[in-house]
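Every chain is numbered from 1, with letters handed out A, B, ... down the list of sequences. Predicted model, so just to flag it, every value in this text is computed and none were measured.
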Amino acid sequence: EYYRWEQWMFTRLMEKGIAYRKTAPVNWCPVDATVLANEQVIEGRCWRCDTEVERREIAQWFLKITDYADELLADLEQVDWPEQVKTMQRNWIGRSEGMEVEFEVPGQDSLQVYTTRPDTLYGATFMAIAAEHPLALAAAQDNPDIAAFIEICRKTNTSEAALEKMEKLGMALGIDAINPVNGEAMPIWIANFVLMGYGTGAIMSVPAHDQRDWEFARKYGIEIRQVVEPADGAAIDLEAGSFVTKDGRCCNSDILDGLEFNVAFDAIADRLEAAGKGRRQVNYRLRDWGVSRQRYWGAPIPVIICSNCGMLPVPAADLPVVLPEDVEFEGIGSPIKRMDSFKQVSCPQCGGAAERETDTFDTFMESSWYQERFTCVDQGEAMLDARADYWAPVDLYIGGIEHAILHLLYARFYHKLMRDEGLIKSNEPFQRLLTQGMVLKDGSKMSKSKGNTIDPQDLIDRYGADTVRLFIMFAAPPEQSLDWSDSGVEGAYRFLKRLWSAIQLHVESPAEQASATNKSLGDEQKAMRLKLHETIRKVSDDYERRLTFNTAIAANMELLNSVARFDDDSATGQAIRQEVFDAMVLMLAPIIPHICHRLWADLGHDSLIIDHPWPTVDESALVQQSIEMVIQVNGKLRGKMQIDADADRASCEAAALANEQAMRFIGDSPVRKVIVVPGKLVNIVI
RNA sequence: GCGAAAGUGGCGGAAUUGGUAGACGCGCCAGAUUUAGGUUCUGGUAUCUUUGAUGUGAGAGUUCGAGUCUCUCCUUUCGCACCA
């Protein structure tokens, strides 16, 4: 049922033109005859058979996430997410304002190129195109050297990291493109770092002002021509490294000379647009989402390919397209790709013989909308119903930081697709986000695929689930990565035992009725209540705002240490102790629920702890008559003083200057300045 | 290579808004209890040449004052579009 609606949604997206098919590069192992994930390519070779992997262009389905790029960028303002995650998404989307420029190629189709730096057009000295570019393929037909070089270019993993790290290789095509600004002929090179699938498959190269172009030009002896100079007119050394900046002024650029970036951009853009040689264009680094997988395990893509009618969505009445389970695995490729009972169908339009799409969906499709569907899993008539709108958006989404870009961006995109289909009203799926750090084992990510996971069951068997929960929550704040170690679990166990026996000791002594308000309390009693209510305030903030459970636990440990030292047998003392234990058990219950459930009953409550409200801060307990202030001399801690909580700046300053410790360090030196930070410190500058 | 983070005692970590560095816990040391070990309890525990000085990956800078802000660099982790 889940993937039935996913398939249904895809057919809707096909009809809207958001789902479309085009070719894209994949890693191909020629021996296993299978597509490999980037992860499965180890140093350019297949992980299973060690064969050198090739790049192949195959037809695949895409979702036009680029149509939503601007909205995905803008709506980051609406969500309460960590700034680092928003930044990563912004950079990933990578909005840039530039130009599409047309370079004529005599006797051929012209080359289309996107550039963010049209102001450097006079410095362009060559063009670089992908190995799969039509110009390259045409040239290869009667030039075996070029054909051989194209083969070399195909020996590259499709991952961006691999493309950036590999040795940059190129070969001149032997034909030129014409620079539209000055009519100069520039050589066209095939380069292994340009991919056909991304952008137009061709770039213009300005080696004086781009690091990668510079390295390529140096390697192949191509001219490096400076067209931007530093604003202060300083000389730059083109032999030592490129000068990459927008903070300069154009030079050697005809009409642009002396202009700053923004002005030069507009000047050249107006001129190219007027000449019909280019147009301003906003581009995104973001590429459309490839959702096809040539694998068996997945939801079948609901498409029928008919030689007469083309690509047709499977009609809603025929959904779901069920993944066959009576398959035979032969170790090579997906079994449904050679399964006629699955593949052979009749065309829903013309009735003639047709074939099913045998690719399945990327599993990111499933993880993109479960948070809505799980509110209405029994709904058989629609993808979502009103319950989804009741619950969505998710108040607090918790997931690993490794999902900061892909999963979270796809889920945001899919939510907007469902919104535009009228299935949900909200704009964003996740209002607040907590990204957990990685749990590492011996320095690298603990994961199922790496097989280095630790099962907590042994610890649970030995210490109980409460101890293990407490220990894990205490180990580090959730956003931080943590190298797993179980040293220290004893400390959590000891804390539970201390908490248990402290409360048993308390309930065994006779409790008399007494009120624990701050009126007529002794100093020790006031201090105990101050500590309690400070702790409630801090722990509430840790849970709700900071999400730092380790410090919430530490504060409760401090509170237990304080109440253990609180040696007061009076009825009032006993009442205060009851107040402390009640609050402590409530505050710890989310972390150690089992023991707290029991301790709550032991503390004499008839109701269940889960029905009891969170403890509240008694503001009157927080009022202090005198506070401690730090005294610094020249920024160094030299003493401390007790002073009235409402003392003004002048009296703080006077008290600090009169302080014995401070005077020792001041000596005869003249006091130049005194800085008073109310409630905190006094700094005497000498 | 690019993007995002992190780096603090022997260890995990705390310091929330530029204001007492090392909370809390582990480990370790000493003592009490115990026939002994374990448990439990108490005290101590950054370093040093200790009237004090130094100290938050390295180096510079801003400031009365920097773990916190700025710049350069180093190391580690996550992500880089087919692991999910």
Side-chain angles (χ1 to χ4, degrees), chain A residues 24-27 35-41 60 65 82-92 94 158-166 193 198 211-212 285-295 362-364 366-367 400-407 409-410 435 437-438 440 443-445 447-450 471 474-477 479-483 485 487-492 494-495 497-498 501 538 541-542 545-546 548 550-551 553-558 561 564 628-640 664 672-675 677 679-686:
Chain A
V26 294
N27 303 308
V35 173
L36 297 175
N38 285 326
E39 195 184 51
Q40 297 169 325
V41 181
Q60 306 193 68
I65 192 172
E83 207 47 51
Q84 72 186 78
V85 176
K86 291 190 190 183
T87 303
M88 280 192 263
Q89 292 220 344
R90 284 189 197 105
N91 292 340
W92 185 260
T158 57
S159 81
E160 193 172 299
L163 283 170
E164 289 292 335
K165 280 183 198 160
M166 74 190 175
F193 57 85
Y198 313 148
Q211 184 72 29
R212 192 171 62 182
R285 204 187 80 91
L286 181 67
R287 308 197 298 258
D288 279 340
W289 175 14
V291 295
S292 298
R293 296 293 180 272
Q294 300 69 41
R295 306 189 190 285
D362 177 7
T363 54
F364 272 128
E366 283 83 49
S367 58
I401 185 68
E402 75 272 29
H403 292 300
I405 295 174
L406 291 182
H407 162 61
L409 193 64
Y410 292 146
T435 48
M438 299 281 84
L440 311 178
S444 71
K445 173 176 161 182
S447 73
K448 280 173 287 185
S449 58
K450 284 189 180 155
F471 165 63
F474 185 55
E479 296 199 86
Q480 192 167 315
S481 61
L482 175 79
D483 205 334
S485 154
S487 75
V489 68
E490 288 283 353
R494 266 202 287 270
F495 173 72
K497 285 194 287 189
R498 289 184 60 213
S501 41
K538 178 185 170 42
D541 187 47
D542 285 352
R545 182 180 62 86
R546 300 178 70 211
T548 53
N550 58 327
T551 53
I553 293 166
N556 274 292
M557 288 174 166
E558 278 190 63
N561 291 341
E628 186 182 73
M629 279 184 90
V630 161
I631 302 167
Q632 294 181 336
V633 178
N634 284 352
K636 287 185 178 164
L637 174 67
R638 295 304 185 192
K640 294 176 184 179
R664 269 184 53 214
R672 291 174 48 197
K673 199 170 174 186
V674 179
I675 288 145
V677 181
K680 290 232 163 110
L681 58 78
V682 180
N683 186 17
I684 300 160
V685 185
I686 58 171

* To do: Rounded off to whole Å, could you give me the CD-to-C1' distance for the A:E558 and B:A15 pair?
  => 12 Å
* Structure fact -> Its glycosidic angle compared against 90° from 0, B:G38 adopts the form anti
* At under 4.0 Å between heavy atoms, what does A:R295 touch on the DNA or RNA strands: base, sugar-phosphate, or nothing? -> base
* Spacing of the P atoms in B:C48 and B:A36 (rounded, Å) -> 35 Å
* Between B:A53 and B:U39 - P atom distance, rounded Å -> 41 Å
* Asked: What nucleotide among B:G13, B:U16, B:C82 has an atom nearest to a side-chain atom of A:N27?
  -> B:C82
* Asked: Which nucleotide in the list B:C82, B:G12, B:G3 gets nearest to the side chain of A:F474?
  -> B:G12
* Structure fact -> Comparing A:S481 with A:M557, nearest RNA chain B nucleotide closer to 5' gives the residue A:S481
* Distance-only donor-acceptor test, A:Q84 side-chain atoms vs B:C78 base atoms, 3.5 Å -> no
* To do: Please determine, for the side chain of A:L406, which listed nucleotide (B:G13, B:C24, B:C80) has the closest atom?
  => B:C80
* Asked: In whole Å, what separates the P atom of B:A15 from that of B:C80?
  -> 31 Å
* Residue-phosphate contact under 4.0 Å: A:R664 side-chain N/O, B:G52 OP1/OP2 -> yes
* Using atom C1' of each nucleotide, how far apart are B:G25 and B:A14 to the nearest Å? -> 11 Å
* Asked: Side chain of A:R672, base of B:C64: donor and acceptor closer than 3.5 Å?
  -> no
* Could you state the atom-to-atom distance from CZ of A:F495 to C1' of B:U40 in whole Å? => 17 Å
* Tell me what A:H407 touches on the nucleic acid: a base, only sugar-phosphate, or nothing, going by heavy atoms under 4.0 Å. => nothing
* Between B:C24 and B:A30, how far is it from one C1' atom to the other, in whole Å? -> 22 Å
* To do: Report the distance from atom CG of A:L482 to atom P of B:U77, rounded to the nearest whole Å.
  => 15 Å
* Asked: Taking A:Q40 for the side chain and A:A37 for the main chain, is one N or O donor matched with an acceptor at less than 3.5 Å?
  -> yes
* Asked: With respect to the phosphate group of B:C41, does any side-chain polar atom (N or O) of A:R498 fall under 4.0 Å of OP1 or OP2?
  -> yes
* A:R638 side chain near B:A53 phosphate (N/O to OP1/OP2, under 4.0 Å) -> yes
* Report the distance from atom NZ of A:K680 to atom P of B:G65, rounded to the nearest whole Å. => 18 Å
* **B:U75 to B:A58 separation - P atoms, rounded to the nearest Å** => 15 Å
* Asked: With a 4.0 Å cut-off on heavy atoms, is A:Q632 in touch with a base, just the backbone sugar-phosphate, or nothing at all?
  -> base
* Asked: Per the atom types in the model, does the base of B:U39 pair as donor or acceptor with the side chain of A:K497 at under 3.5 Å?
  -> no
* To do: Can you tell me, in whole Å, how much space there is between the C1' of B:G55 and that of B:G22?
  => 11 Å
* Given the C1' atoms of B:C69 and B:U42, what is the spacing between them in whole Å? -> 44 Å
* To do: Give the rounded distance in Å between these two atoms: CZ of A:R287 and P of B:C80.
  => 12 Å
* Establish, with yes or no, whether the OP1 or OP2 oxygen of B:C80 is under 4.0 angstrom from a side-chain nitrogen or oxygen of A:N38. => no
* To do: May I ask you to say what A:N550 touches in the nucleic acid, namely base, sugar-phosphate or nothing, with a heavy-atom cut-off under 4.0 Å?
  => sugar-phosphate
* Asked: Where the side chain of A:K636 is defined as all heavy atoms beyond and including C-beta, which of B:U16, B:U54, B:U20 is the nearest nucleotide?
  -> B:U54
* To do: With the side chain of A:L637 defined as its heavy atoms from C-beta on, choose the nearest nucleotide among B:U16, B:G19, B:A21.
  => B:A21
* **Touch class at under 4.0 angstrom, heavy-atom based, for A:V630 against every strand present** => base
* Asked: How long is the line joining CD of A:E490 and P of B:C28, in whole Å?
  -> 11 Å
* **Touch class at under 4.0 angstrom, heavy-atom based, for A:Q40 against every strand present** => nothing
* Could you walk me through whether A:V685 and A:N634 pass the side-chain contact (heavy atoms from CB on, under 4.5 Å) test, one step at a time? => CA-CA 5 Å; A:V685 185; A:N634 284 352; 3.8 Å; yes
* **Nucleotide nearest A:P477 (side chain, heavy atoms from C-beta), chosen from B:G52, B:G13, B:C83** => B:G13
* To do: Establish whether the base of B:U40 is bridged to the side chain of A:R494 by a donor-acceptor pair shorter than 3.5 Å.
  => no
* Asked: Short question: side chain of A:D288, backbone of A:I65 - any donor-acceptor pair under 3.5 Å?
  -> yes
* To do: For A:K640 and for A:L286, find the nucleotide of RNA chain B with the closest heavy atom, then tell me which residue's nucleotide is more 5'.
  => A:K640
* Asked: What nucleic acid atoms does A:A161 come within less than 4.0 Å of, heavy atoms only: base, sugar-phosphate, or nothing?
  -> base
* To do: Determine the contact category for A:Q60: base if any of its heavy atoms lies under 4.0 Å from a base atom, sugar-phosphate if only primed atoms, P, OP1 or OP2 are that close, otherwise nothing.
  => base
* Could you please name the option among B:A23, B:C78, B:G19 that lies closest to any side-chain atom of A:I401? => B:C78
